[in-house]
Amino acid sequence: AGNWSPSGQPGSADDVTISANVTVNINAATTINSLTLGNGTTTPTLNFAYDAIGTSAPLTITGGNLTVNTNSIIAHSAGTTVVVGTVNINVTSGNATINGTINTTGKGYAGVVTGASGNIGNGTGGGGTISANGAGGAGHGGLGGGPSLGGATGGIVYGSYSAPTTYGSSGGEDGYTGAGQRTSAAGGGAIQLTVSGTTTVTGSIVSNGATADNNGGGGGAGGSVYLTVGTIAGTGSITANGGSAFSGTYSGTGGGGRIAINYSGSNTFNGSGSGTGTLTATAGSTGYASGENGTVAVIDTTNNDLYINRSQTWRVKNSSGTTTEGSSFTYRNVYVGNQAATTWTIKGYSTNNSDGVGQTFNVNSFTLNSGSTISGDGGGYPSVTSGNAGAGPGGGGTASANGGGGGGYGGAGGAALSGAAGGIVNGSRAAPIDLGSSGGTDNFAAGRSSGAGGGALYINAVSKVVENGTISMNGNN
């Protein structure tokens, strides 16, 4: 009875069926032979009331199958500022059939309440706050959207694109007290499913951020869905979408979460060229400013092939200096947009004027399909504010008024009317792998900013690069 309630504790040889309209809480790692949840008409819930991922203590099914029937739910307990529950199931020799739902929407970092000056959302990517007129949406796989007034920002990105297990953060809440105490939207939870055989999803696996229920709160960020399977099939849905703000007037939406499907057999679900299942980690749809889409990575682990078929952004590091997607990747083949038109945005990283780094792909082949884009526009050395020379070895010059110089890289930047010099030529003509430098700004007025430099993409292919789409590494205006 220590592991399960209201019934007793099953053992490793037991075939467990939960068919009544009950909630069964699992509080620690358990091993059983098989699990059937529901019978198609009843509505049982299996709730993970402990951190099954962080403690590496899954529900293990050793000999049989996992079956989640229609109207049945697997969930986990809601988090606050610390992890409380996560879903982690390991089917070591059987299959998983998800006709019901594994749903951890809004079960990530909890929302925050109204404070005197507002409150920043919980979690690494908690949305920013301001005294009134909205707050920032939360970030996770993509940035959160900002509110209508300055001084608050959307939350930052964090987590892994290939093995995501982190919660979605919650939106911020502004300090307006005229409508009483209000609470921002929670982030999505975390789901990890490891299945040696076939995983068939005709129902749903959902870890969305919650939607704010008031104008002062930002949307919650999508959570994590991490599947390691033999074969993935079905026509259902797998989502880690960000939550919307209450309206489009004040607060920002939550950024998308993170989804990774690692399969060793075949994929007829979606994401690698076939299948009609839904696979999304989009930002919330309604808000003053929209967050970014999260990451959706589909990886054929037998052949080490990467498929990018959903628009998303990959960064070397986040604004706190923590590695997110990274700078160097090794795959056999990379396919971009072979299923749907896709915009894959890449962002470099730097801490000073000479250490900028972009992203490198070491591959056998790299295919960018027609209608799809890889964009590093503005992904190089960052823009600078009033009265500063541009960032990077070719940063544009500055002056007291009448403009700053343009950034330089393969060509020199243009000089300004003020006399501020354009940036110098730098980098390699034969092997260009450096970030573009940003322009400078004058000091005539506060609040000005220059254009960021372009990003850097190096595709080191043994066999071929097939480029039928668009690759763009432009500097920003």
Side-chain angles (χ1 to χ4, degrees), residues 124-125 139-143 156-164 255 258 292 294-295 297 306 308 312-331 334 336 343-363 366 368 373-385 388-396 406-413 423-440 449-462 465 467 470-476:
T124 302
H140 184 194
L143 295 175
I156 65 173
V157 299
Y158 59 98
S160 166
Y161 79 92
S162 60
R258 294 189 182 273
E292 293 177 342
T295 57
L306 170 68
I308 300 294
Q312 57 196 279
T313 299
W314 283 26
R315 290 173 169 82
V316 174
K317 296 183 178 183
N318 64 18
S319 58
S320 297
T322 301
T323 298
T324 50
E325 285 70 43
S327 60
S328 183
F329 312 90
T330 300
Y331 290 98
V334 174
V336 182
T343 298
W344 189 6
T345 302
I346 63 172
K347 300 284 188 181
Y349 182 78
S350 62
T351 61
N352 58 48
N353 287 338
S354 61
D355 69 347
V357 58
Q359 291 173 321
T360 297
F361 288 84
N362 299 295
V363 298
F366 192 107
L368 176 63
T373 299
I374 300 176
S375 174
D377 294 353
Y381 283 97
S383 63
V384 296
T385 56
N388 287 291
Y409 181 38
I424 62 171
V425 175
N426 59 95
S428 169
R429 178 171 55 186
I433 59 171
D434 299 313
L435 303 178
S437 297
S438 63
S449 60
S450 65
L457 172 65
Y458 174 32
I459 302 174
N460 179 25
V462 173
V465 175
E467 198 276 291
T470 301
I471 298 177
S472 175
M473 298 289 140
N474 297 331
N476 282 348

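Side chains included, hydrogens not; waters and symmetry mates left out as well; all remaining heavy atoms used.
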Q) Are side-chain heavy atoms of Pro393 and Ser437 found at a separation under 4.5 Å? A) yes
Q. So, the side chain of Tyr409 versus the backbone of Asp434: is there a donor-acceptor pair under 3.5 Å, distance only?
A. yes
Q: Indicate yes or no: at least one non-hydrogen side-chain atom of Ser328 is less than 4.5 angstrom from one of Asn362.
A: yes
Q. Is Asn426 reaching over with its side chain to a backbone N or O of Ile424, donor-acceptor style, under 3.5 angstrom?
A. yes
Q: Write down the atom of Ser160, the atom of Pro164, and the distance for their closest heavy-atom approach.
A: O-CB, 3.2 Å
Q: For Ser350 and Gly356, work out which heavy atoms get closest and say how close.
A: CB-CA, 3.7 Å
Q. When rounded to the nearest 0.5 angstrom, what is the spacing between OG1 in Thr330 and CG in Asn460?
A. 9.0 Å
**Q.** Qualifying residue for side-chain contact (heavy atoms from CB on, under 4.5 Å) with Val157, from Thr295, Thr324, Thr322
**A.** Thr324
**Q.** Heavy-atom pair of closest approach, residues Gly440 and Ser450
**A.** O-CB, 3.8 Å
Q: Drop me the distance from Ser354's OG to Tyr381's OH, to the nearest 0.5 angstrom.
A: 6.0 Å
**Q.** Atom pair CD1 (Ile346) and CG (Leu457), whose distance is rounded to the nearest 0.5 Å
**A.** 4.5 Å
Q) Quick one: does Asp377's side chain have a donor or acceptor within less than 3.5 Å of a partner on Asn474's backbone? A) yes
(Q) When you compare the side chain of Val363 with that of Phe329, does any pair of heavy atoms fall below 4.5 Å? (A) no
Q: Would you mind reporting whether Ile374 and Met473 have side-chain heavy atoms less than 4.5 Å apart?
A: yes
Q: Hey, could you give me the CG/CG distance between Asp355 and Leu435, rounded to the nearest 0.5 Å?
A: 9.0 Å
Q. Do the side chains of Lys347 and Trp314 get nearer than 4.5 Å, heavy atoms only?
A. no
Q) Taking side chain as C-beta onward, heavy atoms only, is Ser320 less than 4.5 Å from Ile156? A) yes
**Q.** Nearest atoms (heavy-atom pairs only) where Gly439 meets Val384
**A.** O-CG2, 3.5 Å
(Q) To check you understand the geometry: which heavy-atom pair defines the closest contact between Ser327 and Val316, and what is its length? (A) CB-CG1, 3.9 Å
Q. What's the shortest heavy-atom distance between Tyr158 and Arg258, and which atoms?
A. O-NE, 2.8 Å
(Q) What verdict does the salt bridge (charged side-chain N to carboxylate O under 4.0 Å, His left out) test give for Arg315 and Glu292, after you've listed the backbone C-alpha separation in whole Å, the side-chain angles of each residue and the deciding distance to 0.1 Å? (A) CA-CA 12 Å; Arg315 290 173 169 82; Glu292 293 177 342; 2.8 Å; yes
Q: Without swapping roles, check the side chain of Ser438 against the backbone of Ala391 for a donor-acceptor pair under 3.5 Å.
A: yes
Q. Using the benzene-type ring in the case of Trp, are the ring centres of Tyr161 and Trp344 under 6.0 Å apart?
A. no
